[in-house]
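Worksheet: the structure to be examined is printed underneath.
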Amino acid sequence: MNYNFNEIEAKWQKYWAENQTFKADNDSEKEKFYVLDMFPYPSGAGLHVGHPLGYIASDIYARYKRHKGFNVLHPQGYDSFGLPAEQYAIQTGQHPAITTEANIKTYRRQLDQLGFSFDWSREVRTSDPSYYKWTQWIFIQLFNSWYNMDTDKAEAIDSLIQIFEKEGNTKVNAVCDDDTPNITAELWNAFSSKEKQALLLKYRLTYLADTEVNWCPALGTVLANDEIVNGVSERGGHPVIRKKMTQWSMRITAYAQRLLDGLDKIDWPQPLKDSQTNWIGRSEGASVTFKVLPPAPSIGGGEHSRLTGDSSIIGVLLERAKEMRKNPTEAENVLWQALRTKKLDLKFRRQHPIYRYIVDFVSLEKNLIIEVDGKIHEYQLDKDAQRTLELEQKKGFKVIRFSNEEVLNNLEDVIRNIEQTLHSLPSGEGWGGDTIEVFTTRPDTIFGVSFMTLAPEHELVSKITTPEQKDEVEAYIEATAKRSERDRMADVKTITGAFTGAYAEHPFTKERVPIWIGDYVLAGYGTGAVMSVPCGDQRDYDFAKHFGIPIPNIFEGVDISEEAFADKDNTVIANSDFLNGLPYKKAVKRAIFELEKIGQGKGKVNYRLRDAVFSRQRYWGEPFPVYYDADGMPQMLDEKFLPLELPEVDKYLPTESGEPPLGNAKEWHWLQYGDEGKVVSEEEFERAISDTEQPVLSGVEVGRSGEIKGGALELNTMPGWAGSSQYFNRYMDPHNDEEIFSQEAINYWQDVDLYIGGSEHATGHLLYSRFWQKFMFDKGWVPKDEFAKKLINQGMITGESAFVNIIEGRLRNGNEDVSGHCQIIVSKELYESLENNEGMLGQLPKKLSSFLNERLSYHQDFNPDVSEYDRYYKAFKSTQISVDFVNLKNEFRFLDLIDDPRLSEIGSAHYFDGDNIIPNEKMTKETLGKVYREVEKMSKSKYNVVNPDAICEEYGADSLRLYEMFLGPLEQSKPWNTAGITGVHSFLKKLWRLYHSGPNGEFYVSDAPPKEGSGEAFKTLHKTIKKVEEDIENFSFNTSVSTFMICVNELSAQKCNSRAILEPLAILVSPYAPHIAEELWEKLGHTTSIATASFPKFEEKYLVESSKEYPVSFNGKMRFTLELPMDMTKEEIEAAVMAHEKTQQQLQGRTPKKVIVVPGKIVNIVG
RNA sequence: GCUCGAGUGGCGGAAUUGGUAGACGCGCUGGAUUCAAAAUCCAGUUCUUUCGGGAGUGUGGGUUCGAUUCCCACCUCGAGUACCA
């Protein structure tokens, strides 16, 4: 009976599906084991042979663990939201859901045909509303949480509100936005609901914020950095500008330290951990505050030289301010007199321009603004709130408001209130000017500071720039704004910058330090400002050299005339007052101590990690469960209304006004009465809120008892990583509609034991998932704060692209250069032996040159306009020839290529086989040419994709599985070579034959034990058990395939047909080649699946040897072997070896200096 | 530039705590079988050689009785990252 793999594989795939063989039970006495593959995106191209590599490995492990008696969870599903389906929708109008569904079908068919032991009853899809319901739910939980640094975990936002109500926000140790103002409890309690919401957004773990993005107006979308080339969009070449957009962000930075610390607890590949460490980018140092010196009186001068107003409209503002000062309201006048006389020890200015506004009263020293609101303000509460928000958030002022009545009737209370507020503001030791905060990892070099550099975007730049420097600075800012971030990064060498004209004061020496701007300082890192120490930092050094800034040396015995000295280990500080003579570490400590003493700095840890932008201007993603209320503040939908389903749209492009695609939805407003809520059109929403009649919702009349809520729904959708950041937990209880997962399920399965996937997810999915897991852990919903104990990155399988080399005859006349329509395919060797890739025909081998000469002259005869042209040749490499045209011997049929428009020229070329030229017109269908291979990434665009379907058809899934493992170590990248699969395929045939030793190849096993004298069979078996078990535990799957081959080769040689050997062997093979194993298992008489048969037990006794073939080495080189009994002593072995004739022959009469004998291992003779 | 990883036959790769380098497979060569082909089986296959042997794991050095394995320096390739103060 032949090994009919197609039949066998179809049979068992059907059996597994019908019997739900791999369905995992949430309630089991067995120990759990969770094996997971990284969530696949079902792409339209389907699988190529590189994709299943990780799935095969994880499947082998999962099957092995089942044999070992574990309850194995091995689920699979689809990360089915994503860009390709949306791009396709934009091009064709086909709904992404339809594309996705079709792709999943192909994907599933391909997975099924490989015989994976997935529990498909647990399948999830991120684009399925019943799944993204829980993605939205987590978003809401994050929104309702803040990070308490004292307890070092996320807590409910309610607890923060309670703190605010009691003591304001000055004492709470929370992670929040940098520009969060200080407030007192009184102020908090006096806040409008909108102001409260605005403040809370600065604390929530997911929040709305203005983020700078690359906006392409022509395409109507935000572009990622790698979609921009030379400042224009990669596609279409449209201009791109830096733009602030309001986006949802995730406060992952709150978890920076824990994400770093957690890496020590998990068994993940070191390179992956390294890139996460690098990405988080922790650096220890100090934050130092520099005071900005007021401009010298000779320059500028006067009250308004400090431009607190927006410079572009300052003229208008000053005009209006004068006007208003002349006509104060009564309340303003009263308060002004009070402020002047009440001795608050503070200078106030009245009707002063700040930013785009004129404020009633301001203390520039304390950054406090006092506003007195007249009647008119009651009608413009919104605008006032906006103004307060801008002044507080963007400009760092504290704003307090009083009504006219309060001032006129209750002046004492108002003054007390002002006093209290002043008290809560940072003192600044009476310093009235601006300060620049910098972060440095080298506080020990503080005496080497000779200038400061701000990022051009730094908000202080416009404020401190002197009128003299204004033009230069503005020109510079404009120039840098035009360059994309990527350009700035790519062009590191060009040194650019501008002097602001302003000076800061050195905290210790009190000397003037000039303030520059330069784009080598990144706005996004640290504070966007640095203290520049040219002697200790190469970038500062280059900048100083370029602009002629002094470079003071503060290192003992170091020459800095050529370059900066950045070595920490050999540092001894000099010329630095109290730091003189100290080494690096001590100097750092001392510097921080001194800075703290004068209140101008403290030790600080800084992270490179940024909060993650969570909004995408896309259609095919999870909608945010968010609407915007009348105040424009975001509100979460109540959990009971989830999922908020993705609306239908007519087109998937941004709207004409530049809104994301969801802006096209006709119904995308939230309307809620009490417990009833619904997505409605804007018109219906407007009608409902203005309608005083009995409301009707969902066709049912509802009472007006509930409050009316709602507003426009969020138009952005969530990014690709949203759906994949908790899917591994959802698999534990995937159909639960009440909770994201039950506590029983999560407490049984706990975490992923083995996670396999590509390394491209190192800083995306794998970092965000860890973040969400820690959040879930903080909230007590999951028992582990790391979701995957062990992770393996499978290597890439590269493709072997096929090329030919071509010599083309050409005709040239001056600048004119035309094809001679004559190409010859030649071997790579010949191509490489050519001295030039272009030249006179005479430089070619005779046969080629005369052939080309003949053809070209023929061509010229028929084309008189080129008859006078010179003949020459060009030699080049072809584009990739689709590997589908190439057979296993690297041959292709010329005439096959003619129909492929991309390759038709090669199809009609001539062929030089090394001896003779075969002219194209003499070729038959069978004429073959040879290609050569080059390893490249396997991809459609390189025409080197090998489809697993064809392999399964020809060799079977078991062969494919074995071969993918056999190629090499799992983690390494390795080239695919289809020719090699015959090796594992014939192994399977040999294995099959081992069980079919009956007449005419009938199935036959003997129940008798292996023949006497051939304990060999047991030895072979147990050797194999031992090795295979070790290999699987070590994820060394390639070596166990070799072991199987050796085992079957040995058993075949022994003509073994004993059940005692062949039955355990079937189980050993089963994780790797499950179909053939099931078939043999059934033939052995079993009625249940082999899947849970217990793994054979290794017994040492079969491996005990009585003798050893000793390698005998001379000076470490093995010269011959000698078989000796195992029980010999060292001395006996030495005697036996020395007595051997070959030993004497090697020594040639010399006496050995030393003889090393390691019993059971080796003998080495020295001398 | 920095970080990490890797260099072994014609090719993929093996060698588990330092102990017979090249397992296993592909390819290639020769043979058997066949009318022939496919398939299958057998033998050989690191290089070199005066057929005794000698050399050999990117290069150079070191530790050791013994190094693909450990240490130092360098070269090459790959991956990630990039003005991070």
Side-chain angles (χ1 to χ4, degrees), chain A residues 2 269-275 277-279 281-283 285 438-442 445 453 488-493 495 518-522 524-533 536-540 542-543 566 606-609 759-760 762-763 793 795-796 800 888-889 933 935 962-963 966-969 971-987 989-990 993 1027 1030-1031 1034 1036 1038-1047 1049 1109-1121 1145-1146 1152-1158 1160-1167:
Chain A
N2 280 331
Q270 197 55 43
L272 198 159
K273 288 188 187 182
D274 289 346
S275 68
T277 306
N278 190 340
W279 192 260
R282 181 185 202 272
S283 44
V438 301
F439 174 74
T440 175
T441 53
R442 297 293 303 272
T445 62
T453 316
R488 274 172 66 172
M489 287 191 284
D491 182 17
V492 179
K493 294 211 177 72
I495 295 161
D519 68 0
Y520 80 98
V521 176
L522 304 177
Y525 182 73
T527 59
V530 300
M531 58 175 226
S532 303
V533 183
D537 182 288
Q538 195 57 43
R539 291 157 306 174
D540 294 342
D542 295 340
F543 194 87
N606 206 37
Y607 299 93
R608 195 180 74 117
L609 185 72
S759 56
E760 66 273 22
T763 49
N793 287 132
M796 201 175 29
E800 291 195 300
L888 294 185
K889 292 181 170 166
R933 303 277 194 160
V935 171
L962 277 173
Y963 188 52
F966 185 64
L967 277 177
E971 293 98 325
Q972 264 172 43
S973 92
K974 54 241 159 199
W976 176 269
N977 172 14
T978 305
I981 200 171
T982 54
V984 291
H985 187 64
S986 58
F987 155 73
K989 286 197 274 192
K990 271 190 221 166
R993 237 177 291 131
K1027 175 84 172 130
E1030 280 170 6
D1031 283 348
N1034 293 321
S1036 172
N1038 54 329
T1039 49
S1040 39
V1041 178
S1042 304
T1043 307
F1044 287 134
M1045 290 175 170
I1046 295 166
C1047 172
N1049 286 348
E1109 180 113 341
Y1110 279 93
V1112 181
S1113 303
F1114 293 81
N1115 298 320
K1117 295 264 171 229
M1118 203 280 288
R1119 293 308 175 205
F1120 65 93
T1121 60
Q1145 195 186 331
Q1146 278 291 331
K1153 286 194 193 113
K1154 203 170 173 185
V1155 178
I1156 312 279
V1157 178
V1158 185
K1161 290 255 178 182
I1162 51 109
V1163 178
N1164 190 20
I1165 297 165
V1166 188

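First the proteins, then the strands, lettered A, B, ... as listed; each starts at 1. Given the structure is predicted, the values throughout are model-derived calculations rather than measurements.
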Who does [N] pair with, Watson-Crick or G-U, both distances under 3.5 Å?
N: B:G5; value: B:C77
N: B:U64; value: none
N: B:C26; value: B:G10
N: B:A38; value: none
N: B:A21; value: none
N: B:A55; value: B:U46

Rounded [atom1] spacing from [N] to [M] in Å:
N: B:U50; M: B:C65; atom1: C1'; value: 32 Å
N: B:U16; M: B:U69; atom1: C1'; value: 11 Å
N: B:G30; M: B:G12; atom1: C1'; value: 25 Å
N: B:A6; M: B:A55; atom1: C1'; value: 25 Å
N: B:G53; M: B:G58; atom1: P; value: 27 Å
N: B:U45; M: B:C11; atom1: C1'; value: 14 Å
N: B:C24; M: B:C74; atom1: P; value: 40 Å
N: B:A14; M: B:U46; atom1: C1'; value: 15 Å

Is [X] reaching over with its side chain to a backbone N or O of [Y], donor-acceptor style, under 3.5 angstrom?
X: A:D537; Y: A:V533; answer: no
X: A:R933; Y: A:E800; answer: yes
X: A:K974; Y: A:P969; answer: yes

Can [X] and [Y] be counted as having a side-chain donor-acceptor contact under 3.5 angstrom?
X: A:S275; Y: A:T763; answer: no
X: A:D1031; Y: A:T1039; answer: yes
X: A:D540; Y: A:Y520; answer: yes
X: A:Q270; Y: A:D274; answer: yes

**Study point:** Residue closer to the 5' end of RNA chain B, A:T440 versus A:G968 (nearest nucleotide)
**Key:**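 Whichever sits nearer the 5' end wins; that is A:G968.
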Point to revise | Whichever of A:Q270 and A:S283 has its nearest RNA chain B nucleotide further upstream toward 5' | key: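 Its nearest nucleotide being more 5', the pick is A:Q270.
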Does [X] reach a base, just sugar-phosphate, or nothing at all? Heavy atoms under 4.0 Å.
X: A:S986; value: sugar-phosphate
X: A:R1119; value: sugar-phosphate
X: A:K273; value: nothing
X: A:E971; value: nothing
X: A:T982; value: sugar-phosphate
X: A:N1038; value: sugar-phosphate

Could you check which of [options] has an atom nearest any side-chain atom of [X]?
X: A:N1049; options: B:G25, B:A85, B:U81; answer: B:G25
X: A:R608; options: B:U81, B:G25, B:G13; answer: B:U81
X: A:T1039; options: B:U16, B:A14, B:C24; answer: B:A14
X: A:D274; options: B:U3, B:C83, B:A14; answer: B:U3
X: A:R539; options: B:C83, B:C24, B:G12; answer: B:C83
X: A:L522; options: B:U81, B:C65, B:A85; answer: B:A85
X: A:L967; options: B:C84, B:G12, B:C24; answer: B:G12
X: A:Y520; options: B:U40, B:C83, B:C24; answer: B:C83

Check your understanding: Which glycosidic conformation, syn or anti, is assigned to B:G66 if syn requires a torsion within 90° of zero?
Key -> anti
Review point. Using the glycosidic torsion, which applies to B:G62: syn (within 90° of 0) or anti (everything else)?
Key: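 Anti conformation for B:G62.
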Review point. What class does the angle between the rings of A:F987 and A:F1044 fall in, given that below 30° is parallel, 30 to 60° is tilted and above 60° is perpendicular?
Key: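 Parallel, since the angle between the ring planes stays under 30°.
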**Study point:** Shortest non-hydrogen contact from A:G526 toward A:N606
**Key:** CA-ND2, 3.5 Å
**Study point:** Gap between atom OH of A:Y963 and atom OG1 of A:T978 - 0.5 Å precision
**Key:** 7.0 Å
Report each atom pair, protein N/O against N/O of nucleotides 18-21 of chain B, whose distance is under 3.5 angstrom.
none

